[in-house]
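Report on one structure; see the data block that follows.
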Number of protein chains: 2
Amino acid sequence: MHKPAPNNSLKTACSTCNLRKLCLPVNLSNIEMARLDDLITRKGVYRHGSILYRSGDKFQALYAIRTGFFKTQILNEDGREQATGFQMAGEIIGMDGISSDAHTCDAVALEDSEVCEIPFNRLEDLSRELPPLQRHLHRILSREIVRDQNIMLLLGSMRAEERLAAFLLNLSQRFAVRGYSPTSFQLRMTRQEIGSYLGLKLETVSRALSQLQESKLINVRNRSLEILCLPGLQACMGKRAR
Amino acid sequence: MHKPAPNNSLKTACSTCNLRKLCLPVNLSNIEMARLDDLITRKGVYRHGSILYRSGDKFQALYAIRTGFFKTQILNEDGREQATGFQMAGEIIGMDGISSDAHTCDAVALEDSEVCEIPFNRLEDLSRELPPLQRHLHRILSREIVRDQNIMLLLGSMRAEERLAAFLLNLSQRFAVRGYSPTSFQLRMTRQEIGSYLGLKLETVSRALSQLQESKLINVRNRSLEILCLPGLQACMGKRAR
DNA sequence: CTTACGGCTTGATATATGTCAAAATTAACA
DNA sequence: TGTTAATTTTGACATATATCAAGCCGTAAG
């Protein structure tokens, strides 16, 4: 695995960042925004395959993804792994580490990526002074809880094809929010990684994709994916109980 | 379903609550503790089967369980349900509601239970003034994230018997922390509810319990459960990949 | 005390997904 | 650019869990 490029500790300006609406949509005055800018440093590029943090690492900061794509995963004692999420630009990761001052999962770059580091102690300090920031932090934490519980629903009650449909629709929606096409995008992860996330083997993922293609709901060729019928995929997601 | 008994709005004293170590283990002065007490009101008894909050309800408060047992569950559009957790005395629920100002799951009492209501706006206000309280709130939110991600691991990568073992060990540990026997306790939920939580059908839960009993790891008769060999159960949990 | 109902167990069978294997395709690297 | 390794697809078969069904048990209500 690669090492991240040397840390240039570039100062970042949230105030001028085009991801602000996604990442920290908080109403702050110019002065308050400057104080937020002051916390946050841009870290060097994380190359494809490199590790932002590892399970067990001391927790010190949250990370906002500026560009690129990450996955987070946890590992059993016996080596089983479970991808817990795929994160894209504008999303914040690392919140698992707050509870025990140590990260409980690994975060791996799936393509060359840049992140902003947000030292958590200083974020707590500032959020005591800026109620809107405090509120936003709580929302982010809660949103992660809701997200995880929806994955529990997926893993606990959906069949393979439904899981795939839900997964693709989720990606679609997140691309749409970022101004990309909701119906045509590149998968940044392998079938194996999709399977790890969805609780399926890679062969099952491949077969389910082929079936969705057979049903004319998607076109998939390697990593490039096209959704032919969003309503159809939505219908497929909620087909029948297991 | 029953209605909760009328809200007597009894003031509660965290300062004298024997669950304080579990619920709000924060170092506060007497004056600070009094301010915390001031927020929190004891709500009436929730009878077995009654609902603390429902998906879609406006989010206004977190709830600390004083006595009893709850389950939380989310429902698909098509009626599929997924239990997202079982909560016991000293645990705090309702955090899913913060992100969108509405609850995203139902919380149902599995036995007659009492809760303390913690109005969230006021908790935010106070936590801006009391850094240790702020830190604790963040830890609670993060702990829920870690808990959920571990359930994702369970649902995504364990087989039925392993899921059961993990589930029973988790209960065991939580009873132990509360001063109850870690090896002998009552299940508060039906096989169906266990199955909903573990992503299994009730028949599979029943069979897996019988198998664990066959292996002399547990004794189970209806809702009463005895763990005969904790290390054995732990071993069973991490047997082999799926 | 009796009856009724929901919850639980167990068996037989069906089915979805896993496992193993081979070939095709693509990506990575020298 | 050529070579190798990784990823993906597809098939044949194995297996874990779901489904369906019947009977039992325990609790609650009459």
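Below, chain A is the first sequence line, B the second, and so on; all start at residue 1.
Atom CZ in B:R159 sits roughly 17 Å away from atom P in D:dA14 (whole-Å rounding). Rounded to whole Å, atom C1' of D:dT9 lies 16 Å from atom CG of A:L225. Distance A:E214 CD to D:dT10 C1': 13 Å, rounded to the nearest Å. Between A:E162 atom CD and C:dA16 atom C1' the separation is 12 Å, expressed in whole Å. At whole-Å resolution of the value, CE in B:M158 and C1' in C:dG18 are 18 Å apart. Computed from coordinates, the A:Q211 CD to C:dA16 C1' distance equals 10 Å when rounded to whole Å. In this structure, CG of A:L187 is placed 13 Å from P of C:dA27, rounded to the nearest angstrom. Here the C1' atom of nucleotide C:dA16 and the CZ atom of A:R163 are 10 Å apart, to the nearest Å.
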Hey, mind stepping through B:L187 and B:N222 against side chain to side chain contact (heavy atoms under 4.5 Å, CB included) and telling me if it holds? CA-CA 8 Å; B:L187 299 170; B:N222 303 314; over 6 Å; no
Between the protein and nucleotides 4-12 of chain C, which nitrogen or oxygen pairs come in under 3.5 angstrom?
| from | atom 1 | to | atom 2 | distance (Å) |
| --- | --- | --- | --- | --- |
| C:dC8 | OP1 | B:R223 | NE | 2.9 |
| C:dC8 | OP2 | B:R191 | N | 2.9 |
| C:dT9 | OP1 | B:R191 | NH2 | 3.2 |
| C:dT9 | OP2 | B:R191 | NE | 2.8 |
| C:dT9 | OP2 | B:S206 | OG | 2.8 |
| C:dT9 | O5' | B:S206 | OG | 3.2 |
| C:dT10 | OP2 | B:S210 | OG | 2.7 |
| C:dG11 | N7 | B:R207 | NH1 | 2.9 |
| C:dG11 | O6 | B:R207 | NH2 | 3.0 |
| C:dA12 | N6 | B:R207 | NH2 | 3.3 |

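The minimum heavy-atom distance between B:Y46 and B:I51, with the atom names listed, is CE2-O, 3.7 Å.
Within a 6.0 Å radius of CD in A:Q192, no more than 12 heavy atoms belonging to other residues, nucleotides or ligands are found.
Checking C:dG18, D:dT17, C:dT17 against the side-chain heavy atoms of A:K201 singles out C:dG18 as nearest.
Within the structure, side chain to side chain donor-acceptor pair (under 3.5 Å) pairs that include any residue of residues 173-184 of chain A comprise A:E91-A:R174, A:E91-A:R178, A:N170-A:R174, A:S181-A:T183 (at least two apart or interchain). Applying the side chain to side chain donor-acceptor pair (under 3.5 Å) definition to pairs two or more places apart or across chains, those involving residues 203-212 of chain A are A:E161-A:Q211.
Aromatic ring orientation, A:H103 versus A:F59: perpendicular (interplanar angle above 60°, classes split at 30° and 60°).
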